[in-house]
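These notes concern the structure reproduced below.
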Amino acid sequence: MLITGGSRGIGAATAVLAAKAGYAVAINYRDNAQAAAETANAVEAAGGEAWCVQADVANESDIMAMFAALDARFGRLDVLVNNAGVVDKKARVQDMTAERLTRMFTVNTISTFLCCREAVKRMSTELGKNGGSIINVSSAAARLGSANQYVDYAASKGAMDVLTIGLAQEVAAAGIRVNAVRPGLIDTEIHASGGLPNRVNDLAATVPMGRGGSATEVAEVILWLASDQASYTTMSFIDVSGGR
Ligand code: NAP
C-alpha cells in the first residue's frame with residue numbers, strides 16, 4: 001500500500017492500520033523525514049514492513065521517481081491512498097491569487113491524477129497486472145464549499161470527487177476499484193498549517209456528534225475500502241464527519 005502524505009495525520013494512522021492488516025507500507029512524505037521515520041517505527045511495532053519515500057507530489061518528476069523506486073523495492077502495487085493535501089490561510093475568493101490557486105490545485109488535485117495514472121499502469125488486469133484499489137482522501141468541504149474559509153481547497157477536493165466518479169468507471173473492468181473518503185473536522189496538524197491550530201475545538205459544537213474525529217477513525221474506513229470486504233464497492237464516497 002502506497003500512502004501519499006503517509007508520515008503524519010490521517011496518512012500515518014492509515015499506515016499503522018495497514019500494517020496490522022498485513023500490508024507492506026510505502027510512506028510518502030515531502031519534508032519531515034523525522035515524522036516519516038516515527039511512522040515507520042510505529043508500522044514496524046505493529047508487525048508490518050515500512051518503507052519511507054520522499055517525494056513532493058506537486059512535482060511530476062518526483063512522482064515518477066517515487067513509483068520507479070516502488071517498483072524496484074516491491075515490484076507490485078495493490079493499494080494507493082491519495083492522501084497528501086494542503087490547506088491555506090483563511091481568505092475569500094475575491095482575494096485569492098493565481099499563485100495560491102496553482103499551489104492548491106497542483107498539490108491536492110493534479111498530484112492525485114498523476115498518482116492515479118501511475119497506479120493504474122501497475123494494477124490494471126488489462127495490462128497483465130493483478131487489479132487493485134485506489135482510495136482518494138477528499139473532504140466534506142467538497143460538498144460544504146468552505147465559504148469565507150478556503151473555497152479553493154473545497155474546489156480542489158470537488159475535482160478529486162469527479163475524478164473518483166470518472167476513473168472508477170474507466171477501470172472497473174480492469175479489476176481496479178476507486179473510492180473516496182470525505183473526512184470532516186479531524187484532529188491533525190493540518191489546521192495549524194492553515195493558521196487555525198484550535199479549529200477542531202472551536203468548531204466541535206457545530207458537528208452533530210459534538211466533537212472532532214480522530215485520524216484513526218478515518219483510517220478505519222480507508223482500510224475497509226481497500227479490503228476484500230468492499231469487493232463490490234466502487235465509485236463510492238464515505239463521509240467520516242460526525243454528521244456534518
Ligand atoms: P497533515 O496532518 O497536515 O499531514 C499532511 C501529510 O501530507 C504529511 O505527511 C505531509 O508530509 C504530506 N504532504 C503535504 N504536502 C505534500 C506534498 N506536496 N508531497 C508529499 N507529501 C505532502 O494532514 P491531514 O489532516 O492528515 O490530512 C490528510 C488528508 O486529509 C489531506 O488530503 C486533507 O485535505 C484531508 N482532510 C483532512 C481533514 C482534517 O480535518 N484533518 C478533513 C478533511 C480532509 P510532510 O510532513 O513531509 O510535509
Side-chain angles (χ1 to χ4, degrees), residues 2-16 25-40 42 52-63 65-67 80-88 102-112 114-115 135-146 149-150 152-161 163-164 180-204 206-207 211-219 221-222 237-242 244:
L2 169 61
I3 306 166
T4 67
S7 56
R8 294 190 289 114
I10 292 167
T14 303
V16 172
V25 189
I27 300 164
N28 159 249
Y29 67 100
R30 178 188 52 189
D31 292 324
N32 192 333
Q34 187 183 337
E38 285 168 11
T39 300
C52 297
V53 55
Q54 193 282 329
D56 181 348
V57 297
N59 185 329
E60 184 179 15
S61 59
D62 276 22
I63 290 173
M66 174 172 72
F67 275 91
L80 168 66
V81 182
N82 283 307
N83 168 75
V86 291
V87 295
D88 210 324
T102 300
R103 169 183 174 266
M104 184 64 67
F105 282 87
T106 303
V107 176
N108 289 0
T109 311
I110 295 177
S111 72
T112 304
L114 295 176
C115 288
I135 296 103
N136 292 328
V137 182
S138 173
S139 172
R143 54 181 170 73
L144 297 172
S146 300
Q149 180 74 41
Y150 30 54
D152 53 344
Y153 170 79
S156 76
K157 296 297 186 177
M160 276 178 86
D161 286 1
L163 167 64
T164 302
V181 292
R182 285 192 293 220
L185 278 173
I186 307 300
D187 191 10
T188 73
E189 295 166 349
I190 201 169
H191 308 289
S193 74
L196 297 171
N198 298 319
R199 185 162 181 263
V200 174
N201 280 341
D202 290 349
L203 294 179
T206 69
V207 180
R211 66 172 179 87
S214 73
T216 299
E217 288 177 304
V218 181
V221 177
I222 293 171
F237 298 83
I238 301 185
D239 291 339
V240 189
S241 59
R244 187 164 177 258

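Indexing begins at 1, ligand by ligand and atom by atom, following the structure's order. This structure is a prediction, so every number in the text was calculated from the model and none was measured.
Annotation: atom 9 (O) of ligand 1 to nearest protein heavy atom, Ser7 OG, 2.6 Å. In terms of protein heavy-atom proximity, atom 10 (C) of ligand 1 is closest to Arg8 NH2, 3.9 Å. At the top of the distance list for atom 28 (C) of ligand 1, counting protein heavy atoms only, stands Asn83 OD1, 3.1 Å. Protein heavy atom closest to atom 47 (O) of ligand 1, with residue, atom name and distance, is Asp31 N, 2.7 Å. Protein heavy atom in closest approach to atom 13 (N) of ligand 1: Ala84 CB, 4.0 Å. Atom 19 (N) of ligand 1 has as its closest protein heavy atom Val57 N, 3.0 Å. Ranking protein heavy atoms by distance to atom 24 (P) of ligand 1, first place goes to Thr188 OG1, 3.6 Å. For atom 7 (O) of ligand 1, the closest non-hydrogen atom of the protein is Gly5 CA, 3.4 Å.
Remark: of the listed residues Thr14, Asn83, Ile186, Ile186 is the sole one forming a side-chain contact (heavy atoms from CB on, under 4.5 Å) with Val218.
Applying the 4.0 Å criterion to heavy atoms of Glu189 picks out, from ligand 1, the atoms 2 (O). Interface atoms of ligand 1 facing Asp56, defined by a heavy-atom separation under 4.0 Å, are 17 (C), 18 (N), 19 (N). Every atom of ligand 1 is numbered from 1 in the order shown, and the set under 4.0 Å from a heavy atom of His191 is 39 (C), 40 (O), 41 (N). For ligand 1, the atoms closer than 4.0 angstrom to any heavy atom of Tyr153 are 33 (C), 34 (O), 35 (C), 36 (N), 43 (C), 44 (C).
Looking at ligand 1, you won't find any N or O of Pro183 less than 3.5 Å from one of its N or O atoms. Backbone and side-chain nitrogen or oxygen atoms of Tyr29 are examined, and none is located within less than 3.5 angstrom of a nitrogen or oxygen of ligand 1. Considering both main-chain and side-chain atoms, Ser139 never comes within under 3.5 Å of ligand 1 through any nitrogen or oxygen pair. At least one N or O atom of Gly184 sits closer than 3.5 Å to an N or O atom of ligand 1. Where the criterion is an N or O separation shorter than 3.5 Å, residue side chain and backbone included, Leu185 fails it with respect to ligand 1. Distances between N or O atoms of Ile10 and those of ligand 1 include at least one value under 3.5 Å.
Using a distance-only test at 3.5 Å, with no hydrogens or angles considered, no donor-acceptor pair links the side chain of Ser139 to the main chain of Ala142. Distance alone, capped at 3.5 Å, places no donor-acceptor pair between the Gln149 side chain and the Ser146 backbone. Side chain of Asn28 to backbone of Val53: a donor-acceptor contact under 3.5 angstrom is found. The backbone N or O of Thr106 lies less than 3.5 Å from no partner atom in the side chain of Thr109, so there is not a single donor-acceptor pair.
Looking at Val81 and Val137, their side chains come closer than 4.5 Å, going by heavy atoms from C-beta outward.
Looking only at atom types and distance, the side chain of Asn108 has a donor-acceptor partner in the side chain of Ser156 under 3.5 Å away.
Contact between Asn28 and ligand 1 is present, with at least one heavy atom of the residue lying under 4.0 Å from the ligand. Using a 4.0 angstrom heavy-atom cutoff, Ser138 counts as in contact with ligand 1. Contact analysis leaves Arg199 out of contact with ligand 1, as no non-hydrogen atom separation drops below 4.0 angstrom.
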### Query
Run the side chain to side chain donor-acceptor pair (under 3.5 Å) check on Thr164 and Asn136 step by step: do they pass?
CA-CA 7 Å; Thr164 302; Asn136 292 328; 2.9 Å; yes

### Task
Carefully, step by step, assess Ser61 and Asn59 under the rule side chain to side chain donor-acceptor pair (under 3.5 Å).
CA-CA 6 Å; Ser61 59; Asn59 185 329; 2.7 Å; yes

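Of all non-hydrogen atoms in Ala140 and Gly184, the two that sit nearest each other are CB-CA, 4.1 Å. Counting all heavy atoms, side chain and backbone alike, Asp161 lies closest to Arg182 at OD2-NH1, 3.1 Å. Nearest heavy atoms, Ala15 versus Gly6: CB-O, 4.4 Å. Annotation for Tyr153 and Val86: closest pair CD1-O, 3.2 Å, computed over non-hydrogen atoms.
Looking at Lys157 against ligand 1, only its side chain comes within 4.0 Å, counting heavy atoms. Under 4.0 angstrom from ligand 1, there are no non-hydrogen atoms of Ala12. If you look at Asp187 next to ligand 1, there are no close heavy atoms at all, none under 4.0 Å. Contact annotation: for Ala55 versus ligand 1, heavy atoms closer than 4.0 Å belong to the backbone alone.
The heavy atom nearest to atom 35 (C) of ligand 1, considering only Asn82, Val53, Val137, is found in Val137.
Taken from OG in Ser7 to CZ in Arg30, the straight-line distance is 9.0 Å, to the nearest 0.5 Å. Once rounded to the nearest 0.5 Å, the distance linking CG of Asn201 with CG of Leu185 reads 10.0 Å.
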